[in-house]
Amino acid sequence: MPIQVVPYTAEWVPAVLAFNDRLHATGTHWGWYGDPVDAWLPARDRKTWREHWLAIEDGALVRGAYALKPHEWSIRGEPRLVVDWQGPVTEGLIDRRYNTLGLRLLREMLKRH
């Protein structure tokens, strides 16, 4: 089954933790957030939020992740959406089969925002 990119929700937490374990077992410090909800972002501020996305293989294994953090800014007096992209982190760090996954996720980021 091809890799699909899906939103990170609570149901994926165990798979993300397993992804992190695979990465950490090789000595890298890289990984992804163990919680899909960013508690540090104030709930009242809807002008800034963060979207987490996962690269899923075989409907179960997390092979990579990235986040997008849109911000509403005022540019020359007009509201504009500016997006900060974070990541990607992929299993390409430890397994050559996933070397190009980071590039695919970069393209996904650009398509979304």
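These values consider heavy atoms only, across backbone and side chains, with no hydrogens, waters or symmetry-generated copies.
- Summarising the geometry, atom CD1 belonging to I94 is positioned 5.0 Å from atom OG1 belonging to T26; distances are rounded to the nearest 0.5 Å.
- Not counting sequence neighbours, the partners of D95 by the side-chain hydrogen bond (donor to acceptor under 3.5 Å, both in side chains) test are R97.
- H24 pairs by the side-chain hydrogen bond (donor to acceptor under 3.5 Å, both in side chains) definition with nothing, not counting sequence neighbours.
- S74 pairs by the side-chain contact (heavy atoms from CB on, under 4.5 Å) definition with nothing, not counting sequence neighbours.
- Shortest non-hydrogen contact noted between A65 and L54 is CB-CD2, 3.7 Å.
- No chain of hydrophobic side-chain contacts below 4.5 Å, direct or via other Ile, Leu, Val, Met, Phe, Trp or Tyr residues, connects L110 to V83.
- Residues L61 and V6 are members of separate hydrophobic clusters, defined by side-chain heavy-atom contacts under 4.5 angstrom among Ile, Leu, Val, Met, Phe, Trp and Tyr.
- Here the straight-line distance linking atom CH2 of W30 with atom OG1 of T90 works out to 11.0 Å at 0.5 Å rounding.
- Residues satisfying the ring-ring contact (aromatic ring centres under 6.0 Å, His included) criterion with Y98, sequence neighbours excluded, are absent altogether.
- Every pair tested for salt bridge (charged side-chain N to carboxylate O under 4.0 Å, His left out) that includes a residue from residues 25-35 fails, sequence neighbours excluded, so the list is empty.
- Partners of P36 according to the side-chain contact (heavy atoms from CB on, under 4.5 Å) rule, which considers only residues two or more places apart in sequence or in another chain, are Y8, V13.
- Pairs of residues two or more places apart, or lying in two chains, that qualify as side chain to side chain donor-acceptor pair (under 3.5 Å) and include a residue from residues 102-112 are Y66-R112, E108-R112.
- Annotation for L101 and A55: closest pair CD2-CB, 4.1 Å, computed over non-hydrogen atoms.
- The line from CG of L106 to CH2 of W85 is 5.0 Å long, rounded to the nearest 0.5 Å.
- With rounding to the nearest 0.5 Å, the separation of CD1 in I56 from CD in Q4 is 8.5 Å.
- Taking each heavy atom of L17 and G34 in turn, the nearest pair found is CD2-CA, 4.0 Å.
- P88 and M109 get closest at one heavy-atom pair: CD-CE, 3.4 Å.
- Cluster partners of W73 are I75, V82, counting Ile, Leu, Val, Met, Phe, Trp and Tyr whose side-chain heavy atoms approach within less than 4.5 Å, directly or via other members.
- Atom CD of E57 sits about 4.5 Å away from atom CD1 of I3, to the nearest 0.5 Å.
- For residues 73-92, the salt bridge (charged side-chain N to carboxylate O under 4.0 Å, His left out) pairs, not counting sequence neighbours, are R22-E91, R63-E91.
- With sequence neighbours left out, A15 forms a side-chain contact (heavy atoms from CB on, under 4.5 Å) with W12, V62.
- In this structure, L103 is a member of the same hydrophobic cluster as W53, with clusters built from ILVMFWY side-chain heavy atoms closer than 4.5 Å.
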